[in-house]
Number of protein chains: 2
Amino acid sequence: MKIKVKQNPESMELINFLNEALSKRAFIILISCCRIKYRGRATSKLGLGDRTIVIKSDGSFLIHQDHNLDPVNWQPPNCKFQAIIEENKVFIRGFRRNPYESLEVEINKTYLASYHVGNDNKTLELAGYEEDMREMVFKDPFLIEKGFRPTSREYAVTNGFIDILGKDKNGDLVIIELKSRRAGINAVKQLKKYFDDFEDHKKFVRGILAAPSITEDAMELLEKYKMEFKELEPPKELNHEKNLTLDFFKK
Amino acid sequence: MKIKVKQNPESMELINFLNEALSKRAFIILISCCRIKYRGRATSKLGLGDRTIVIKSDGSFLIHQDHNLDPVNWQPPNCKFQAIIEENKVFIRGFRRNPYESLEVEINKTYLASYHVGNDNKTLELAGYEEDMREMVFKDPFLIEKGFRPTSREYAVTNGFIDILGKDKNGDLVIIELKSRRAGINAVKQLKKYFDDFEDHKKFVRGILAAPSITEDAMELLEKYKMEFKELEPPKELNHEKNLTLDFFKK
DNA sequence: CATTAGATTTCGGCA
DNA sequence: TGCCGAAGTCTAATG
């Protein structure tokens, strides 16, 4: 891991430092007092203040204030950079096309500058989404109810895709809408849309909203539409844990 | 501006550094080789790799890989922190309630640690979204068409809120749906919903979708529903620029 | 405190 | 490349 650090660099030092870092596609961090202008999908200005500026090796550009999770200004990956010096001030400009956007930082003073090229070849393993729920329900249909048999997932209808389509123990069609989080009005409306696609045979069609919980409003609407709610938690085991479990049982 | 920097701190040094910084509610940056576990709304794990760890003074917690704009793991503001040492490794744990979530970083090695308390009392001035469009159309109704008179904004109907309601030069009702970006199918569907709320008087009602551009599919659907498209850019001048213009005319 | 709608949403997947 | 849908969305405003 290579890392280079400079405290309180002068303008010329900083610009050399930045150009060196940019040419190496390094991960750059600056703690600077700066002004910011953005023009693109919207327009913004931010007056003088201390901020943390980050340029990633994929061309992401982030400027953070000392509060909020989101950066106050940013540019998505593949942004191109210019670092220039003008009247003894360093300007960093990041721009991209489609849509055209530019983000310009006028740096008054830099307290800390660092760049590094690290090693990281891991990707996030994440569990707890609708996809996992679909898998789970397909594998264990009784989680919905006894006798339920799923027939297809992501079934295309006029209004979109039905998460899971199947039949219940009486052979009636069942439309299942999955939500990995607390379901709201919108989930009910979505299910209703799919439900309506079968209005010719409504007597033999059931709509089930499966989610860990549901808002009161949504429950009311659901009942009004004569549809049902099934409490269902998304699986939260990671894949390798599932595999471990499988391996365990195989032994 | 106070800033403290340490390169390659040992575990004990790092933990003291972190606790000092946390007690001062400083802005902390670490460049470290680490493992990450998250458990809360979902569950995730990230194997060993070099990452940039940020803790803000409002309790935001961000961990960045060298790619993508978004952090690979995070915790929203008001997160509480623990920095402990175990088997000569530093663990940083950030947790919050409602919903309960925890984010744990196991630090194997730290290349750079810094904390600072900066000065920043500026807030972002931003322009160019739906609210600005509403204002603009109310002020200059002819932007929609000659003779258009807006009567109310955010008019409540069964299915939600109509952006702008008004009458055209013939006295017919006009429903306007605004989008600050390229409008897609959903924008048309939304407008159609509002449109349908007036189906008793459909002959005297027009639906207009106003946006900078529209997708081909959306345009087709719009025409099928006998509604209209009006090309309209959101205003992108900042407030003080607007004021300058006003002042200019007042003089 | 919960809910909602908008966002410079970002991001991934698919046509 | 453009479009659509989901997200640990986040965030500000509102009841």
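Predicted model, so just to flag it, every value in this text is computed and none were measured. Throughout, a chain's letter reflects where its sequence line sits, starting with A, and its residues are numbered from 1.
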Practice problem: Return the value, rounded to whole Å, for the distance between atom CG of B:Asp163 and atom P of C:dT4. | Solution: 18 Å
Quiz item: Given atom CZ of B:Arg97 and atom C1' of C:dA2, what is their separation to the nearest angstrom?
Solution: 19 Å
Quiz item: Does a side-chain N-to-carboxylate-O contact under 4.0 Å join B:Arg93 and B:Glu104?
Solution: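 The answer is yes: the pair qualifies as a salt bridge.
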Quiz item: Are A:Arg153 and A:Phe138 in a cation-pi setup, meaning NZ or CZ lies under 6.0 angstrom from the ring centre and within 45 degrees of the ring axis?
Solution: yes
Practice problem: Take atom CG of A:Leu62 and atom P of D:dC10, then tell me their distance rounded to the nearest Å. | Solution: 16 Å
Exercise. Give the rounded distance in Å between these two atoms: CZ of B:Arg182 and P of D:dT1.
Key: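 Rounded to whole Å, this separation is 14 Å.
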Quiz item: To the nearest Å, how far apart are B:Arg153 CZ and C:dG6 P?
Solution: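 My rounded result for the distance is 15 Å.
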Quiz item: Mind checking whether A:Phe61 and A:Phe81 have parallel, tilted or perpendicular rings, split at 30° and 60°?
Solution: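 A:Phe61 and A:Phe81: perpendicular rings.
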Exercise. Could you check how far CD of B:Glu131 sits from P of D:dA12, rounded to whole Å?
Key: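 About 14 Å, once rounded to whole Å.
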Quiz item: Can a side chain N or O of A:Asn186 be found less than 4.0 Å away from OP1 or OP2 on C:dT4?
Solution: no
Quiz item: Taking for each residue the nucleotide of DNA chain C with the nearest heavy atom, is it B:Asn98 or B:Arg134 whose nucleotide lies nearer the 5' end?
Solution: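 Per heavy-atom nearest nucleotide, the more 5' residue is B:Asn98.
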Self-check item: Out of C:dT4, D:dA7, C:dA7, whichever nucleotide has its closest atom nearest the side chain of A:Glu130
Solution: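 The answer is D:dA7.
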Exercise. Could you work out the separation of C:dT9 and C:dT4 based on their C1' atoms and round it to a whole Å?
Key: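 Each nucleotide's C1' atom is 16 Å from the other's.
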Quiz item: When you check every protein heavy atom under 4.0 Å of nucleotides 8-15 of chain C, what one-letter string (B, S, -) results, 5' to 3'?
Solution: BBSSS---
Quiz item: Within the side chain of B:Asp50, is there an N or O that forms a donor-acceptor pair under 3.5 Å with the backbone of A:Asn119?
Solution: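 Yes; judged by distance alone, with no hydrogens or angles, the pair exists.
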Report, one pair per line, the protein and nucleotides 13-15 of chain D atoms (nitrogen or oxygen only) whose separation is under 3.5 Å.
none

Practice problem: Check whether NZ of the Lys or CZ of the Arg B:Lys192 lies under 6.0 Å from the centre of the six-membered ring of B:Tyr225 and within 45 degrees of that ring's axis. | Solution: yes
